[in-house]
Number of protein chains: 2
Amino acid sequence: MTSPSAHQRGRPPTTDHSAIEQAAFRLFGERGFEETTVDAIAEAAGIGRRTLFRYYPSKNDIPWGQFEAGLVRLHAHLAASPPDIPLYEAVHRAILDFNHLDEAAIPQHRQRMRLLLTTPALQAHSALKYAAWRNVIAEYVAGRCGTTADALLPRTIGHVSLALALSAYEQWLEEEDSSLPRLLDSSLSGLRRYLTRP
Amino acid sequence: MTSPSAHQRGRPPTTDHSAIEQAAFRLFGERGFEETTVDAIAEAAGIGRRTLFRYYPSKNDIPWGQFEAGLVRLHAHLAASPPDIPLYEAVHRAILDFNHLDEAAIPQHRQRMRLLLTTPALQAHSALKYAAWRNVIAEYVAGRCGTTADALLPRTIGHVSLALALSAYEQWLEEEDSSLPRLLDSSLSGLRRYLTRP
DNA sequence: TTCCCTTTTGGCACTCAATGCCCTTAAATG
DNA sequence: CATTTAAGGGCATTGAGTGCCAAAAGGGAA
C-alpha cells in the first residue's frame, strides 16, 4: 500500500475519471449528450482527446461512472445473504441495496439516470451494461438452484429483475418526488398480482 | 390500388429491402457483422452506399428486417383478444402468436436472432427496437386497467414480458432443437413459481 | 418524338467516434 | 545526471452517418 496516489515511478496522471466525468456532465447539461463532441469534453477537462479514450473506452461509457464497482457490491451483497430466506426475497433485497441512495446523492443520480434513460445512444449502450448486471443475479440464482447461470430459470430471473428495476426507475424519473425503494416494491408486487389474479 | 409495383411516375427503384437484406446476411455470415462495411454491403447489393442509407437508417437496422410490421400484428392480435380472459393470459397468447414460426422459417430466424443476440453492437441497438415492442404491450395493459401506458403497472408488464421473451430466445439459441413456444411457456411458469414459492 | 415532370439514384464532401502508432513529458531511482 | 517507467497527446486512418445536388430513368402530354 502506498500513500495518497499509488504511483511511484513515471509521469503522474494529469487527470482522473471523476474530473472527466464532471467536465462531461457540465457540457451534457448545457448542450445535450449528442451535441457534445468528445473533443469538447477533452478540452473542458484540460486533456487531449487521445487521453480521454484511455480513461473511458467510449463516449457512451462516461455517464455510467463507477458502475462496475456497483456490480461488485451487488455480488457481495448476494453472496452474504442468508440462504434460508426465499430466493425472490434475497434477490429483491439485494436490488434494494444496490439502488440505495443517500438523500444528498439523489439529485445527481436523477440527472445521471435521466441522461441514461432518455438519450437513445445511451439507451442502446446500456444494454451492454445491463447484461453484466443480469449475470450477477443469474449467477446467484443458479447457485441457489444447483444449476448454471445459463439455464432458463437463472436467465429469466436476471431479465425479470432488470425489468422490475427499470420500470421503477422510469417511473421515478417521471414523478419528481417519488421514492425509488417504494417503486421497486410496487413494481414487484404489481407483477405478483398480475401473475396470480383472474 | 395499382398492380405489381405501386409506382407510376418517376424513376423506378433499382432495389428493395429484401435484396439488400440478402446481400447483407450473406456477408455477415461470411465475415461477421463488425467486419462487414456498409460499402461492402452496398457493393454486394449492386447499389450506391448513399442509396443503402435510404432503405435502412443504419447498418444496425438491417438485421431487424420487417420488425415494424410484426409490431402491427402484435397490436392487432391484442386488440382482437377476448376481454374476458385474464390479462396475463391475453398478453402471453399474443407473445406466442408474435413469435410463431412456420417450420420452414426456423433456420433463417435462428440465424437472424443469433446475430441480433450475440453481436454487441446489435444487442445495444436492439434496446431501441424493444422499446417499441414493450410499448405495444404497455398500451394494451393500460387499456385493460384503465390507466395510461406510462403508469407503473403497464410499464412493468411491458418490461417483464420482454424479459420473458428474451430469456426464452437465449435458451432457444443454445439448445439446437428446442421449441420456442415451449420455452416461452417455461419461462413464464418458472417466474410464477419463483414469485410464489418459499 | 420530344419535352417536361416526378422520383430514385449515387457521387462528393463533411462530421464525428474510435483506434493504432509513436514520440514526448515528467516524475522516481541509483 | 542518466536511466527507467508510466502517462500524455499529436497524427493519420477507418468507418458510420448526413446534407447537398446533379444525373438517371421512366410516364405523360404536346
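Just so it is clear: chains get the letters A, B, ... in the order the sequence lines come, proteins before strands, and each one is counted from 1. Atom set for the values below is all heavy atoms of this structure, side chains included, hydrogens, waters and symmetry mates excluded.
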Are B/Tyr55 and C/dT9 close enough that a side-chain N or O sits under 4.0 Å from OP1 or OP2?
yes
Pairs of donor and acceptor atoms involving the side chains of residues 184-192 of chain B, under 3.5 Å and at least two apart or interchain, shall be tabulated with distances.
from, atom 1, to, atom 2, distance (Å)
B/Asp185, OD1, B/His92, NE2, 2.7
B/Ser186, OG, B/Arg182, O, 3.0
B/Ser187, OG, B/Leu164, O, 3.4
B/Ser187, OG, B/Leu183, O, 3.4
B/Ser187, OG, B/Leu184, O, 3.2
B/Ser189, OG, B/Asp185, O, 3.2
B/Ser189, OG, B/Ser186, O, 3.2
B/Arg192, NE, A/Leu195, O, 3.2

Letter by letter from the 5' end, nucleotides 15-21 of chain C scores (B base, S sugar-phosphate only, - none; protein heavy atoms under 4.0 Å) -SBBBBB
Applied to residues 25-37 of chain B, the side-chain hydrogen bond (donor to acceptor under 3.5 Å, both in side chains) test, sequence neighbours excluded, yields B/Arg26-B/Glu30
Sorted by chain and residue number, the side-chain hydrogen bond (donor to acceptor under 3.5 Å, both in side chains) partners of B/Tyr130 (sequence neighbours excluded) come out as none
A/Glu43 atom CD is separated from D/dG8 atom P, nearest whole Å, by 17 Å
Applying side-chain contact (heavy atoms from CB on, under 4.5 Å) to B/Tyr55 and not counting sequence neighbours gives B/Pro13, B/Thr15, B/His17, B/Ile20, B/Thr51
query: Hey, is A/Glu43 close enough to A/Arg49 for a salt bridge, meaning N to O under 4.0 Å?
result: no
Here the distance between atom C1' of C/dG11 and atom CD1 of B/Ile47, to the nearest Å, is 14 Å
Between CZ of B/Arg9 and P of C/dC5 the distance, given in whole Å, is 10 Å
request  = Report yes or no: is there a donor-acceptor pair, N or O only, under 3.5 Å between the side chain of B/Arg11 and the base of C/dT9?
outcome  = no
Sorted by chain and residue number, the side-chain hydrogen bond (donor to acceptor under 3.5 Å, both in side chains) partners of A/Ser179 (sequence neighbours excluded) come out as none
Ordered by number, residues from residues 14-32 of chain B within less than 4.0 Å of DNA chain C (heavy atoms) are B/Thr14, B/Thr15
Taken in chain and number order and not counting sequence neighbours, the residues that satisfy side-chain hydrogen bond (donor to acceptor under 3.5 Å, both in side chains) with B/Thr148 are B/Asp150
For residues 116-124 of chain A, run the donor-acceptor check on the side chains, cut-off 3.5 Å, and write out each pair with its distance to 0.1 Å, sequence neighbours left out.
from, atom 1, to, atom 2, distance (Å)
A/Thr118, OG1, A/Arg114, O, 2.5
A/Thr119, OG1, A/Leu115, O, 2.9
A/Gln123, NE2, A/Leu117, O, 2.8

B/Leu52 CG to D/dG17 P, in whole Å, measures 10 Å
